[in-house]
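One structure is given below, encoded as structure tokens.
So that the names make sense, note that chain A is the first sequence line, chain B the second, and so on, each numbered from 1. Values below: all heavy atoms of this structure, side chains included; hydrogens, waters and symmetry mates excluded. It should be emphasised that the depicted structure is a prediction, and the values quoted were computed from it without experimental measurement.
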Number of protein chains: 2
Amino acid sequence: MTNQSKMKVYQEVLNQIRQFIEEQELKDGDRLPSERELSEQLNASRASIREALRAIELLGLIETRHGEGTFLRTYKPYHSVELLSTFVLREVKTKGELLEVKFLLEQVCLNQLFADEQWDYSQVEDILFESNDIHTDLFLRLFEAYGNRLLLKIWHLVTGFVETVDPKEVNQVQYEELLKLISQRQYNQALDHHASLYEKQCS
Amino acid sequence: MTNQSKMKVYQEVLNQIRQFIEEQELKDGDRLPSERELSEQLNASRASIREALRAIELLGLIETRHGEGTFLRTYKPYHSVELLSTFVLREVKTKGELLEVKFLLEQVCLNQLFADEQWDYSQVEDILFESNDIHTDLFLRLFEAYGNRLLLKIWHLVTGFVETVDPKEVNQVQYEELLKLISQRQYNQALDHHASLYEKQCS
DNA sequence: ATTTCGAAAATGGTCTGACCACTAATCGAA
DNA sequence: TTCGATTAGTGGTCAGACCATTTTCGAAAT
């Protein structure tokens with residue numbers, strides 16, 4: 001490494017990798033150079049390269065496949081998120097906080113959609129009742145409909161965390177009701193109904 | 001390692017370390033066993049131990065001091081912000097998206113506080129006008145007052161992102177106005193005022 | 001010419017042992 | 001007792017080896 005400062009090698013590697021990704025405009029699913037290639041190109045030992053890669057992996061930014069390579073990761077909930085959560089939960093202890101944030105994010109999404117006259121509810125209406133996880137799939141669509149990808153990403157992340165600590169039990173009927181309220185544009189009642197879905201758990 | 005499943009060694013090590021921390025009831029500032037000790041105790045190579053430690057370090061959960069050891073430290077969400085941002089921003093193309101999320105999070109915080117009859121505004125009122133970054137410090141306090149640490153962390157994360165792309169210019173006077181509205185419990189106007197702070201930029 | 005299958009190459013996963021750099025504890029001399 | 005140098009302990013880094021898995025590719029069979 002051109003270890004100019006006293007920064008650790010693996011930190012430098014981290015920066016180099018980030019830079020590489022930006023320059024090459026790599027996207028999710030694209031493959032990174034092999035560990036041995038990176039080792040040569042960045043002039044660092046393979047051990048240091050791996051330390052950097054393991055760190056980014058735990059953050060959920062890359063995915064490594066034995067015998068294949070290292071790939072920028074398409075987001076998959078509960079992969080390494082589980083490990084992450086066991087540590088972070090040391091701080092954010094209460095399950096309630098997690099659920100509350102998830103709830104609030106969803107509420108924001110609903111509020112924003114309801115405030116939009118142009119919103120086409122039909123995007124959500126169809127198919128939905130073949131899902132194994134109605135809640136997640138429903139809000140996945142709602143967040144997509146709203147269109148803010150960062151908000152979606154944050155919600156997705158939080159949802160991933162929640163699933164590691166909270167085996168949920170969904171009641172299909174309640175979501176039929178929620179959808180009905182939305183389709184009838186009874187937005188206030190829909191918001192109340194959404195809140196009621198969380199009331200039991202958040203305490 | 002008792003590598004029963006196909007889980008990677010460094011992930012097992014991660015779990016073991018977490019378990020160790022819980023069992024020993026280690027607190028912030030306490031020292032972890034040395035890498036060589038962990039290597040023996042967990043029956044894994046030092047390289048694998050280090051991969052695990054580097055990962056937790058990047059998360060900001062531990063701190064390593066050359067020649068001294070590895071220590072637990074208070075979780076600092078900003079630690080990996082810079083790295084994370086460059087990855088997340090790959091997908092978040094528009095600055096507007098970023099600002100919108102920041103705004104929405106703050107709005108949620110205000111709404112929740114305003115809805116709380118018990119909320120003691122005086123926690124926020126004081127000192128504030130000596131700050132270099134009024135907006136950040138104000139909402140830092142507001143989020144702290146609300147008390148959901150996860151929400152605070154997310155907001156902090158997003159705020160960190162924003163600062164990497166948006167050199168802000170704050171107008172002190174506007175925040176005096178905002179605080180006045182809050183202290184007078186003119187909540188709707190306060191919300192409008194908060195929104196107006198973003199209107200120019202979000203487009 | 002096409003298909004099939006196995007060897008070889010590429011890649012990640014892990015370990016060992018070495019050496020350096022820094023820190024703190026130790027011990028001996030003033 | 002005090003001060004300073006030695007020493008032991010610890011993280012930082014490296015080189016090289018071997019294994020497990022996946023892909024590649026060419027030779028053999030069809």
Side-chain angles (χ1 to χ4, degrees), chain A residues 1-17 20-21 24 26 28-74 76 79-80 83, chain B residues 1-17 20-21 24 26 29-73 79 83:
Chain A
M1 292 263 55
T2 50
N3 208 347
Q4 45 204 9
S5 62
K6 286 186 180 179
M7 188 170 278
K8 296 184 206 169
V9 172
Y10 98 96
Q11 300 269 16
E12 294 279 2
V13 172
L14 237 37
N15 284 327
Q16 300 278 353
I17 291 178
F20 179 84
I21 291 173
Q24 304 295 317
L26 297 187
D28 287 336
D30 288 351
R31 185 167 161 273
L32 288 173
S34 74
E35 297 178 352
R36 290 171 177 84
E37 280 182 63
L38 285 173
S39 177
E40 277 193 24
Q41 290 177 20
L42 304 185
N43 193 30
S45 74
R46 207 183 140 207
S48 294
I49 300 291
R50 281 184 64 82
E51 287 184 14
L53 290 178
R54 271 343 98 221
I56 330 184
E57 184 182 36
L58 189 61
L59 280 181
L61 298 171
I62 61 173
E63 179 181 5
T64 55
R65 296 202 279 269
H66 195 172
E68 294 182 60
T70 305
F71 303 83
L72 277 193
R73 170 183 178 157
T74 37
K76 289 175 189 166
H79 185 220
S80 67
L83 268 175
Chain B
M1 295 260 53
T2 49
N3 208 346
Q4 44 203 10
S5 62
K6 287 186 178 178
M7 188 170 277
K8 297 183 205 169
V9 173
Y10 97 96
Q11 290 178 320
E12 293 278 3
V13 171
L14 238 36
N15 279 326
Q16 301 277 354
I17 292 178
F20 179 84
I21 292 173
Q24 304 294 317
L26 297 187
D30 289 349
R31 185 168 162 273
L32 287 173
S34 74
E35 297 178 352
R36 291 171 177 85
E37 281 182 62
L38 285 173
S39 177
E40 277 192 23
Q41 289 177 20
L42 304 184
N43 193 29
S45 73
R46 205 182 141 209
S48 294
I49 300 291
R50 280 185 62 84
E51 287 184 13
L53 289 178
R54 273 341 100 223
I56 332 183
E57 185 182 39
L58 190 63
L59 285 180
L61 297 169
I62 60 174
E63 181 181 3
T64 55
R65 297 202 279 270
H66 194 173
E68 294 183 59
T70 305
F71 303 82
L72 279 190
R73 82 174 202 185
H79 193 251
L83 180 68

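Rounded to the nearest 0.5 angstrom, Asn43(A) CG and Leu38(A) CG are separated by 12.5 Å. Rounding to the nearest 0.5 angstrom, the gap separating the CD1 atom in Ile49(A) from the CZ atom in Arg54(A) is 11.0 Å. Taken from CD1 in Ile17(A) to CG in Asn15(A), the straight-line distance is 9.5 Å, to the nearest 0.5 Å. Between Arg31(B) atom CZ and Leu26(B) atom CG the span is 11.0 Å, to the nearest 0.5 Å. Once rounded to the nearest 0.5 Å, the distance linking CD of Gln24(B) with CG of Leu32(B) reads 10.0 Å. Here CZ of Arg73(A) is found 12.5 Å from CD1 of Ile56(A). Values are rounded to the nearest 0.5 Å.
Which of dT14(C), dC14(D), dG12(C) sits closest to the side chain of Val9(A) comes down to dC14(D). Comparing dT13(D), dT10(D), dG12(D) by their nearest atom to the side chain of Ser45(A) picks out dT13(D).
Between Ile56(B) atom CD1 and dG11(D) atom C1' there is a gap of 15 Å when expressed in whole angstrom units. Here dT14(C) presents its P atom at 16 Å from CG of Leu38(B), a figure rounded to the nearest Å. Atom CD in Glu68(B) sits roughly 4 Å away from atom P in dA24(C) (whole-Å rounding). Put simply, CD on Glu35(B) is 15 Å from P on dT16(C), counting in whole angstrom units. Rounded to a whole Å, the NZ atom of Lys8(A) is 17 Å from the P atom of dA21(C). Atom CZ in Arg36(A) sits roughly 11 Å away from atom C1' in dA17(D) (whole-Å rounding). If you take CD1 of Ile62(B) and C1' of dG11(D), they are 11 Å apart, rounded to a whole angstrom. Rounded to whole Å, the distance from CZ on Arg31(B) to P on dA24(C) is 11 Å.
Residues passing the side-chain contact (heavy atoms from CB on, under 4.5 Å) test with Gln41(A), sequence neighbours excluded: Glu37(A).
Applying a 4.0 Å cut-off to non-hydrogen atoms, the residues of residues 46-55 of chain A that approach DNA chain C are Arg46(A), Arg50(A), Arg54(A), listed by residue number.
Phosphate proximity of dG13(C) to Arg65(A): absent, as no side-chain N or O sits under 4.0 Å from OP1 or OP2. Taking side-chain N and O atoms only, Thr70(B) has a distance below 4.0 Å to OP1 or OP2 of dG11(D).
Place Gly67(B) and Gly67(A) on DNA chain D by their nearest nucleotides, and Gly67(B) ends up nearer the 5' end.
A distance cut-off of 5.5 Å between ring centres, combined with a plane angle under 30°, leaves His66(A) outside any stacking arrangement with the base of dG13(C).
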